[in-house]
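Here is the naming used below: chain letters follow the sequence lines, and residue numbers restart at 1 for every chain. This is a predicted model, so every value here is computed, not measured.
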Number of protein chains: 2
Amino acid sequence: MNLRELSERLNLSQTTVSRALNGYPEVNEETRKRVAAAAAKFNYRPNIRAQTLATGRSMSIGHIIPFSKQNEMVNIVFADFIAGAGEVYAQHGYSMSLSLVRDEDELNAYQGVAEKGAVDGIIVHSPARDDPRISFLSDLDIPFLVHGRASEVTTPYSWLDVNNKRAIKTGTAHLLDLDHRRIGLINGEERMDFAQRRRDGYLAALTAAGITPETALMRSGEMSEPHGYASAHDMLDSTEPPTAFVASSIVSALGVRRAIEERGLVMGRDISILCFDDDISYLPNGRTTPVFTAMRSSVRAAGRRCAELLIDQIKIPQQGMATELWDAELIIGGSTGPCPKGR
Amino acid sequence: MNLRELSERLNLSQTTVSRALNGYPEVNEETRKRVAAAAAKFNYRPNIRAQTLATGRSMSIGHIIPFSKQNEMVNIVFADFIAGAGEVYAQHGYSMSLSLVRDEDELNAYQGVAEKGAVDGIIVHSPARDDPRISFLSDLDIPFLVHGRASEVTTPYSWLDVNNKRAIKTGTAHLLDLDHRRIGLINGEERMDFAQRRRDGYLAALTAAGITPETALMRSGEMSEPHGYASAHDMLDSTEPPTAFVASSIVSALGVRRAIEERGLVMGRDISILCFDDDISYLPNGRTTPVFTAMRSSVRAAGRRCAELLIDQIKIPQQGMATELWDAELIIGGSTGPCPKGR
DNA sequence: TCAGACATCCAAAGCGCTTTGAAGTGATTC
DNA sequence: GAATCACTTCAAAGCGCTTTGGATGTCTGA
């Protein structure tokens, strides 16, 4: 059942039926009811492919995910982000189009998706410091918004980011206030912009306290439980082990905790952990009594807000770039305590 | 730059240009090269909206996710599933269209998506025992595949599922072999088919061993860390606490472990845990030395296979329903041990 | 030399919708 | 009674591709 058929049955023109269905004013209320009734009766729905061709809008937002390198993107944080974004898309009648592409194909995929008109806008995930996607998308002239920032990119673009540097600086300072002097950093991959900024925050806090950073106390890699475990394990095995850790994610913090408990140490007494907490719904840190002391910022809320900002941009293209910098909140949990005496 | 423009510049018909670009044989190799060169030069890409309208195929697969009830779907397991499916889609030139819908709108969303021609096929996630979506999609006459099964649905449909009953029966039997007699079950939500089947497996193993199941030892709910913690906490507080737990997910197992360790008990010695392990990339159980004894089946592999099966079905519609039942593998880890004497 | 096979190309007809510009009604105004 | 107006409705022109059904020219074999 298509529009032509439906309009023939109703003895009306396609124009009128289309307008009746889409709520245009220039159609008799009586007629509109007849049309609506017939549409329901014949179970008619407009073909979305034809609709998007005619309107020029696809009502869908693209997310392009590189997947070759150790699943960089399709992770637990990502799931919460798209849950947030998806909610907002649904409210506005958009759907979300995910394409997983091999890293080396990524630029092509953007171009394909954008230029072909498959999507009305794009969200860029986890930018690298000098991310080529950004200038690429600017050239393509399609609305897009970056979740995060790319420090070395000079072209203006819309973004939403957590103040990662300040967050980790605050967190590290908190550990310093507890008299910890040897603090291990277990960071994400430092080609990612956010990881660099977190490292900067860590270094800034140490420097401000007059402590010389040691490369032996700084690790970076996949934000997984095993990487957290392995990194903490290594550092704890060294001759001068750290008394506290800053972990870039609650997932790696779980690994750190395992390494600590494995050697009979008590978290929060013998060794402290502070982590970045994306407030993931399936791995919550606890509201009333947080397990980990953490810098918290909800990635789901970020997903929601990114979607809103992008949809605004699609609807009102002439408005300028949107940028938002969120501050993470320090949450005191049970994983931190004063540095044990004599350490 | 569209096809008309491009063909004008080349002094060729749209037909020829289209065929040259799409690799049809009836075009001179010389001409094809000219066309390809011009397309590259003018940075031409076919408009995908027009393409899908003309071909009748949208080259995209729909996943519709209900989101109101405690984020049922957008979870860590789901992320791995779509990572797997997405890989396969990418290889075949498909993209993935996610729509998050409120539960009460879900049937409408299916109908919308399907009938409107937005997608060529649909994957159904986490079916309930009597899931209305299945007969609904059958009526819509669109290819679809269910990840999981719906026991009470009688219409035939394509599915891929893990043999959940056998998996948990095997796992529970393993604990029984270690002389555990009081075994707690921390299940997913039992309106979900897979959770029911897991419960059936648990009950079957107990019954086979001549043990009467106790409702006090059976919990179900969200498969989150806090739910695992709270359930285990409760049971351990009872007058006759269990000596072992069967957890429906590695995430809830993390919560169980926390409850155990919190009271100074040692996992694998004082209390055993066996869990279902979806082999999630960011929360791996460990390959060489698994933390948890588990029934393992990779959800990412399932995602890949579901995508393959669905694409087959789209390409060759006349073939019958595809069904696959996977067996989970028992992995011995450090979380289980013989029941302590006198318990 | 000519029919038929083959290679190459094209005009035009969709795909199913939206939207422009115009036309057909009565009712109202002057 | 003519002109104006608001209200409805419609025919037709896109949107940018794919694909059908030729058309044209070239080559082959008898």
Sidechain-backbone polar pair: Ser58(B) side chain, Ala118(B) backbone, donor-acceptor under 3.5 Å: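 Pair found, side chain donor or acceptor close to backbone of Ala118(B).
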Take atom [atom1] of [X] and atom [atom2] of [N], then tell me their distance rounded to the nearest Å.
X	N	atom1	atom2	result
Gln14(B)	dG14(C)	CD	P	16 Å
Asn11(A)	dC10(D)	CG	C1'	13 Å
Arg4(B)	dA12(C)	CZ	P	15 Å
Leu53(A)	dG14(C)	CG	P	17 Å
Arg49(A)	dC15(C)	CZ	P	13 Å
Asn2(A)	dT18(C)	CG	P	12 Å
Glu5(B)	dC17(D)	CD	C1'	14 Å

Report yes if a side-chain nitrogen or oxygen of [X] is closer than 4.0 Å to either non-bridging phosphate oxygen (OP1 or OP2) of [N]; otherwise report no.
X	N	result
Ser18(B)	dT18(D)	yes
Gln51(B)	dG16(D)	no
Ser13(B)	dC10(C)	yes

Donor-acceptor side-chain pairing of Ser135(A) and Ser138(A) below 3.5 angstrom: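 No, because no side-chain N or O of Ser135(A) sits under 3.5 Å from a partner of the opposite role on Ser138(A).
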Test: Glu8(A) and Arg4(A) ion pair at under 4.0 Å: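 Result for this pair is yes, salt bridge flagged.
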Asp120(A) with Arg57(A): basic N within carboxylate O range, under 4.0 Å: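 Not counted as a salt bridge, because no side-chain N and carboxylate O are separated by less than 4.0 Å.
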NZ or CZ of Arg300(A) within 45° of Phe81(A) ring axis and under 6.0 Å: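 No, Arg300(A) does not lie over the aromatic ring of Phe81(A).
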Closest to the [X] side chain: [options]?
X	options	result
Leu12(B)	dC10(C), dC17(C), dC17(D)	dC10(C)
Thr16(B)	dT18(D), dG16(C), dC10(C)	dC10(C)
Thr15(B)	dT18(D), dC10(D), dT19(D)	dT19(D)

Ring geometry between His147(B) and His125(B) (parallel below 30°, tilted from 30 to 60°, perpendicular above 60°):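 Perpendicular, since the angle between the ring planes exceeds 60°.
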Ring geometry between Tyr94(B) and Tyr89(B) (parallel below 30°, tilted from 30 to 60°, perpendicular above 60°):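 Tyr89(B) and Tyr94(B): tilted rings.
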Flag if over 12 foreign heavy atoms under 6.0 Å of CD, Glu30(B):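 Not more than 12 within 6.0 Å, no.
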Range-with-range stems of DNA chain D (Watson-Crick or G-U pairs under 3.5 Å, three or more in a row):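 Paired runs of 3+ in DNA chain D: C:1-30 with D:1-30.
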Close approaches to DNA chain C from residues 20-41 of chain A, in residue order (heavy atom, under 4.0 Å):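 Nucleic-acid contacts, sorted: Asn22(A), Tyr24(A).
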Nearest-nucleotide 5' precedence on DNA chain D, Arg19(B) against Ala50(B):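 The answer here is Ala50(B).
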